[in-house]
Amino acid sequence: MEARQKQNSFTSKMQKIVNHRAFTFTVIALILFNALIVGIETYPRIYADHKWLFYRIDLVLLWIFTIEIAMRFLASNPKSAFFRSSWNWFDFLIVAAGHIFAGAQFVTVLRILRVLRVLRAISVVPSLRRLVDALVMTIPALGNILILMSIFFYIFAVIGTMLFQHVSPEYFGNLQLSLLTLFQVVTLESWASGVMRPIFAEVPWSWLYFVSFVLIGTFIIFNLFIGVIVNNVEKAELTDNEEDGEADGLKQEISALRKDVAELKSLLKQSK
């Protein structure tokens, strides 16, 4: 019983440390510092002259992040709850990979992993976590939009190949080239001057084809993407607010129960 109480008190102390704002800000600062170091390493002259210093800094950061993951694991109650979160798995795998691939033969892999550590800023900042969760929620809905967009792409690619194959073979010579050209057009990157104008000089009515594709592909389908993402972001925020409200309610109930227990204890002492 005493051992369990000591363990619970230790876990509560770790939870206070891990959930404190200073702890979160420190972790974010270290992640940003890691990102700065990785950026400086991309300059060959600086990296070659201070390779030993960069290695030491990375080693210190790796062990700091390892201690941070261990503290978050110890703060979990029960301990299995730590691995129920996909974000905890994400952090754990990134940090663990730094230890697994330690060694001179894995220098390139290690440098890539240092860059991936910057992604840990997403798991640390709650607002970024909500945004990524919302993007994940959009995947089923985006699948239907992608199917719709693929149908339009295929139809316009076949029509474009039939109409402009001989006029502009470098853009509409076959189905693959037509799909690639339409992807350039839908991004609105030099589509008028680079793609449409040379064909328009040969085929005056070709503007109907391009304008209709831009209207359907860019202004309708892309707006569907944005609408689905915004809708799911709002849903994720509402869910988080509801969870926060439930957590506050539980805290109030627990504090009220503690007061009732304390009053009962005082009454029992008085009766004795």
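For this chain, numbers begin at 1 and follow the sequence in order.
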For Ser76 versus Thr11, what's the shortest heavy-atom pair and its separation? O-CG2, 4.0 Å
Hey, is the main chain of [Y] close enough, under 3.5 Å, to the side chain of [X] for a donor-acceptor pair?
X      : Y      : value
Asn19  : Gln15  : yes
Gln165 : Gly173 : yes
His50  : Ile46  : yes
Ser85  : Ala81  : no

When you group the ILVMFWY residues by side-chain heavy-atom contacts below 4.5 Å and let the links chain together, are [Y] and [X] in the same group?
X      : Y      : result
Met14  : Val27  : yes
Val18  : Leu74  : yes
Phe200 : Leu163 : yes
Phe65  : Phe23  : yes
Met196 : Ile159 : yes

Given Gln176, which of Leu180, Leu179, Asn174 fulfils the side chain to side chain contact (heavy atoms under 4.5 Å, CB included) condition?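 Result: among Leu180, Leu179, Asn174, Asn174 is the only option passing the side chain to side chain contact (heavy atoms under 4.5 Å, CB included) with Gln176.
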Qualifying residue, where the test is side chain to side chain contact (heavy atoms under 4.5 Å, CB included) with Val211 and the options are Leu215, Val214, Leu208: Leu215
[X] versus [Y]: any side-chain heavy-atom pair under 4.5 Å?
X      : Y      : value
Leu177 : Glu170 : no
Ile199 : Phe210 : yes
Leu62  : Val95  : yes
Ile40  : Phe54  : yes

Tell me if the CD atom of Gln184 is crowded by more than 12 foreign heavy atoms within 6.0 Å.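 Enclosed: over 12 neighbouring heavy atoms sit under 6.0 Å from CD of Gln184.
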Might you confirm whether atom CZ of Phe183 has over 12 heavy atoms from other residues, nucleotides or ligands at distances under 6.0 Å? no
[X]: what forms a ring pair (Phe, Tyr, Trp, His ring centres under 6.0 Å) with it, not counting sequence neighbours?
X      : result
Trp207 : none
Phe82  : Phe73
Tyr171 : none

Between [atom1] of [X] and [atom2] of [Y], what distance do you get to the nearest 0.5 Å?
X      : Y      : atom1 : atom2 : answer
Ile64  : Asn34  : CD1   : CG    : 10.0 Å
His20  : Thr26  : NE2   : OG1   : 10.0 Å
Ile151 : Leu146 : CD1   : CG    : 11.0 Å
Arg72  : Ile67  : CZ    : CD1   : 14.0 Å
Ile37  : Ile57  : CD1   : CD1   : 4.5 Å
Glu68  : Leu61  : CD    : CG    : 11.5 Å

Evaluate side chain to side chain contact (heavy atoms under 4.5 Å, CB included) for Arg197 paired with Trp191, printing each intermediate quantity in order. CA-CA 9 Å; Arg197 288 293 180 181; Trp191 72 274; over 6 Å; no
Worked check of side chain to side chain contact (heavy atoms under 4.5 Å, CB included) between Phe156 and Ser178: CA-CA 8 Å; Phe156 273 89; Ser178 298; over 6 Å; no
Derivation of the ring pair (Phe, Tyr, Trp, His ring centres under 6.0 Å) call for Phe213 and Phe153: CA-CA 9 Å; Phe213 178 73; Phe153 260 75; 5.4 Å; yes
Determine, using ring centers only, whether Phe164 and Tyr209 are less than 6.0 Å apart. yes
